[in-house]
Amino acid sequence: MPRSNTATRYGSVAKTFHWLTALLILSALILGFVAYRAPYDDSAQLAFKATLFSLHKTVGLAAFFTALLRILWAFTHPRPKLLNGDHCLEAWAAETAHWVLYGAMVLVPLTGWMHHAATTGFAPIWWPFGQSLFFVPKDPTVAAILGGAHFLFMVVLVLTLLAHIGGALKHFVIDRDKTLQRMLPGHTDLPEPPAVQPGHLRPALTALAVWAVALVIGANAGLFAAEERSEIAALAEVSSEWQVQSGTLDIAVQQFGAEVTGRFADWTADIAFNEEPTEGKHGTVTVTIAIGSLTLGSVTDQALGADYLNAAAFPTATYVADLLPADTGYLAKGELTINGHAVPIDLPFELALDGNTADMTGTVPLDRRAFHVGDDMTDESSLGFGVDVNVALTATRSE
C-alpha cells in the first residue's frame, strides 16, 4: 500500500494517523468519564481515581501530539476528493465537519493540558517533562476558565465525531459508495470522484462560525466563570499590642509523590510581645484561622470536606501559645486546635526587630492524623501524613 494519498485513496500514513487518533481520543474520553465519576472515599479509591485521571491526561497528550502530526500530514499532502462532491450541501457539511474536527482534536487536549498546568495537586501526567507550562500561571481563575473551555470543546468534539461517524455509515449503508472503504486497509479498486468539489474556504469559514457559536453558548452557560465558593464570614479584626500589617499562612502536603501547596487567606493574630522576657517568656499569641479560606489547588473542596478539615462543622482553627526564648531565635509553645482536636505544638521562629516593626518567619511540621484529618487515607503514598506549615508576617507595635 502506498504511503502517500492520491486523488482516489488515502495512503498508509494517513490511515495510520486516522485510526490511531481515533483510538486515543476514544480512550481519553472513556477514561475521563469513568475517572470523573469514580468515588474517592478512602485511600484505595482515591489512588484508583488518580490513576484513571493520570491515564486520561497522558493518553490525551498522546492524542494531542498525534493529532498535530496528522494535521501537518494532511496539510502537506493531497487529500482524496469527495465521492459526493457534486452534492453541494452534503459535501459542504462534510468538509465543515472535518475542519471542526481538526480544531477539536487540538483544542480539547490542549485546554486539558493547560488546565492541569494551572492547578496544583492530584493525578500527575505520566511523562518526564514536568507538570507545568511556562505560559500558564497556577491560578484558580485561569484554571476555571480552562476547565470550562476543555468541557465545551469536548462536547463539540463528541457531537462532531457522532456526525462524522453517522456520515460514514450513511455512505456505507445508504449511498453504498466507497467513502468508508477508502480509510480501510486495502481496497485498491476505488472509483474516480466527480470533478465538482466544495472547496475549502466556505467550509473553513463555516467551521469558524460553529466555534464562535459554541463559545457564545459556553459563555452564556457560565462555563468560563470561576467556581463560586460558599460565602465565608470574615474573621473580626483583633486589637493587639502588635498589629499584623501583612503576612502569609501556607501549607504543603505530599500527594501521590508530588507537593501540593495551599494558603489560608483569612487569619488573625493577637500578639503580646516584649523584647525582654518576664518570668521566662516574651509574651503570648492567639492565632485564629478561617478554615474555609483555604485554597489547595485542585483538591480544595476535598480538603474542606467532612472527612478532612470539616470546615462546615469546625469553621475556625486556633493556636494559643506562650512566646519563649530559644537557643536560636524564639519558640511558640502552645496548643493547636483543628477539626475539634487539640494537640500540643512547638513552633520555632525567627524575629527581626527594627524599632516598632517586627518581621517573623517560622515553620512547623504537623501530622494530620493527630487532628483526625483524612482518617480513611491510611496509605501515605496517596496522601502524606506530614503537613508543613509556613508562616510569615510583619507587625507593628501599637502606639
Side-chain angles (χ1 to χ4, degrees), residues 16-36 50 52-76 96-164 204 207-219 221-227 258 297-298:
T16 300
F17 277 139
H18 176 275
W19 293 111
L20 180 58
T21 304
L23 175 63
L24 291 172
I25 288 175
L26 180 61
S27 299
L29 288 172
I30 293 173
L31 286 167
F33 178 78
V34 175
Y36 181 78
L52 289 174
F53 267 118
S54 288
L55 272 171
H56 166 71
K57 296 173 183 180
T58 306
V59 172
L61 270 187
F64 171 71
F65 290 114
T66 304
L68 285 181
L69 292 174
R70 177 188 176 182
I71 293 170
L72 178 63
W73 182 267
F75 284 174
T76 55
T96 299
H98 274 103
W99 283 108
V100 175
L101 271 179
Y102 283 154
M105 288 188 302
V106 172
L107 289 173
V108 172
L110 179 60
T111 51
W113 186 8
M114 294 170 67
H115 175 259
H116 172 82
T119 61
T120 57
F122 195 67
I125 299 170
W126 290 337
W127 73 343
F129 304 112
Q131 306 297 316
S132 299
L133 289 169
F134 70 90
F135 57 91
V136 178
K138 289 193 178 298
D139 181 89
T141 301
V142 174
I145 293 172
L146 291 169
H150 181 61
F151 176 78
L152 174 66
F153 297 157
M154 181 270 296
V155 172
V156 174
L157 172 63
V158 170
L159 293 176
T160 311
L161 279 175
L162 291 175
H164 180 67
L208 287 176
V210 169
W211 282 112
V213 170
L215 289 172
V216 170
I217 293 174
L223 291 179
F224 308 129
E227 183 177 348
S298 61

Any sub-3.5 Å donor-acceptor pair from [X]'s side-chain atoms to [Y]'s backbone N or O?
X	Y	answer
Trp73	Thr76	no
Lys57	Ala123	yes
Lys138	Thr119	yes
Ser54	Ile125	no

4.5 Å side-chain heavy-atom contact, [X] and [Y]:
X	Y	answer
Phe153	Leu110	no
Phe151	Thr111	no
Trp113	Val136	no
Leu152	Phe224	yes

Taking all atoms of both residues into account, what is the closest heavy-atom pair of Tyr102 and Ala74, and its distance? OH-CB, 3.6 Å
If I compare all heavy atoms of Ala144 with all of Ala225, which pair ends up nearest, and what's the gap? CB-O, 3.9 Å
Going by atom type alone, with no hydrogens or angles, which donor-acceptor pairs under 3.5 Å involve a side-chain atom of residues 59-72 and a protein atom two or more places apart or on another chain?
{"unit_1": "Thr66", "atom_1": "OG1", "unit_2": "Ala62", "atom_2": "O", "d": "2.7"}

Going by the rule side-chain hydrogen bond (donor to acceptor under 3.5 Å, both in side chains), which residues pair with His56 if we only count those two or more places apart in sequence or in a different chain? none
Using the ring-ring contact (aromatic ring centres under 6.0 Å, His included) criterion, which residues pair with His98? Sequence neighbours excluded. His164
side-chain contact (heavy atoms from CB on, under 4.5 Å) with Val100: which of Thr160, Leu208, Leu161? Thr160
